[in-house]
Amino acid sequence: MRLKSALLIFLVLFLVSSCVTFKPLKTKQVAVNGVFKADYRGNEFEGFFSVARGNLRMDVVNSFGFSVYGIFVQDGKVFVKDYQSGKIYTHLDVNGINFDDYKSILRFIAEHFLSLCGVKKRFIVVLRCKEVGEYRIASDFILRAKSRRLRVLLKNIKVVEGSSEH
């Protein structure tokens with residue numbers, strides 16, 4: 001009986017771990033990957049992020065660890081992809097949170113991510129930086145749009161150099 005239970009637990013864990021859909025952006029230059037936790041007016045959400053070559057991907061996960069939707073900056077376009085339906089939305093209204101005011105800020109972050117610690121802009125406040133290899137990465141920052149604030153905390157930050165391109 002114990003062997004059957006152990007086998008069942010192993011199979012469930014294997015299936016859950018194989019269902020993770022996040023794939024970091026790939027580039028021949030530098031990519032930064034990790035986990036994020038964000039707070040917007042008391043609404044907390046978390047997931048995975050990847051920044052490379054002016055592109056950004058942030059996958060928001062549910063309580064089971066599955067990616068629910070992704071916020072993308074790709075070739076200057078900002079959009080949300082709902083993974084359940086496969087639909088892409090250019091209006092960034094997700095779970096009652098409107099991110100439309102953050103579009104230009106997200107583009108800026110995607111383009112200047114490696115230099116955020118040295119940037120002084122009114123729409124981004126860097127609270128903490130972390131040394132990762134030879135890079136100084138913003139690990140805790142606030143995005144300001146109009147009267148709203150979105151705080152983002154990055155963890156498990158990894159800098160990947162010279163990976164293969166799509």
Report task. Quick one: do Asn55 and Arg53 satisfy side chain to side chain contact (heavy atoms under 4.5 Å, CB included)? Show the steps, please. Result -> CA-CA 6 Å; Asn55 295 323; Arg53 224 183 41 221; 4.0 Å; yes

Applying side chain to side chain contact (heavy atoms under 4.5 Å, CB included) to Leu150 and Ile142, what does each step give before you reach the verdict?
CA-CA 6 Å; Leu150 172 68; Ile142 298 173; over 6 Å; no

Intermediate values then yes/no, side chain to side chain contact (heavy atoms under 4.5 Å, CB included), His91 and Asp100
CA-CA 6 Å; His91 177 63; Asp100 278 338; 2.3 Å; yes

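Considering CG of Leu143 and OG of Ser104, their distance stands at 10.0 Å, rounded to 0.5 Å. Rounded to the nearest 0.5 Å, atoms CZ (Arg41) and CZ (Arg148) are 5.5 Å apart. With rounding to the nearest 0.5 Å, the separation of OG in Ser139 from CG in Asn156 is 11.5 Å.
Asn62 places a side-chain N or O within donor-acceptor distance of the main-chain N or O of Phe66, the cut-off being under 3.5 Å.
Between Lys121 and Phe108 the shortest side-chain heavy-atom distance falls below 4.5 Å. A 4.5 Å side-chain heavy-atom check between Val80 and Phe72 finds every atom pair outside the cut-off. Between Phe49 and Val35 the shortest side-chain heavy-atom distance does not fall below 4.5 Å. In this structure, Phe48 and Asn33 have side chains that are not in contact, with every pair of non-hydrogen atoms separated by 4.5 Å or more. In this structure, the side chains of Phe141 and Leu153 stay at 4.5 Å or more apart for every pair of heavy atoms. Put simply, the side chain of Leu114 reaches to within 4.5 Å of the side chain of Val30, judged on heavy atoms. Contact check for Val125 versus Arg144: side-chain heavy atoms found under the 4.5 Å cut-off. Proximity of Val132 to Lys158: side-chain heavy atoms (C-beta onward) are nowhere separated by under 4.5 Å.
By the rule that hydrophobic residues join a cluster once side-chain heavy atoms approach within less than 4.5 Å of another member, Phe36 and Leu127 end up as members of separate clusters.
No close placement of the Phe123 and Tyr102 rings is indicated, their centers lying 6.0 Å or farther apart. If you look at Tyr83 and Tyr69, their ring centroids are not closer than 6.0 Å.
Across all non-hydrogen atoms, the minimal contact from Leu106 to Leu56 is CD2-CD2, 4.1 Å. Pairing each heavy atom of Val73 with each of Gly54, the nearest pair is CG1-O, 4.0 Å. Minimum interatomic distance between Arg149 and Tyr40 (heavy atoms only, all atoms of both residues): O-CD1, 3.6 Å. Nearest heavy atoms, Leu116 versus Val126: O-CG2, 3.4 Å. Of all non-hydrogen atoms in Asp39 and Gly42, the two that sit nearest each other are OD1-N, 3.0 Å.
For residues 100-156, the pairs satisfying disulfide bond (SG atoms under 2.5 Å apart) are Cys117-Cys129, with sequence neighbours left out.
A salt bridge links Asp59 to Arg57: one of the charged nitrogens lies within less than 4.0 Å of a carboxylate oxygen.
No more than 12 heavy atoms of other residues, nucleotides or ligands shown are found within 6.0 angstrom of CD on Gln84. Within 6.0 Å of the NZ atom in Lys103, the count of heavy atoms belonging to other residues, nucleotides or ligands exceeds 12.
Checked against Asp140 for a salt bridge (Lys or Arg N to Asp or Glu O under 4.0 Å), the options Lys130, Lys37, Arg128 give a single hit: Arg128.
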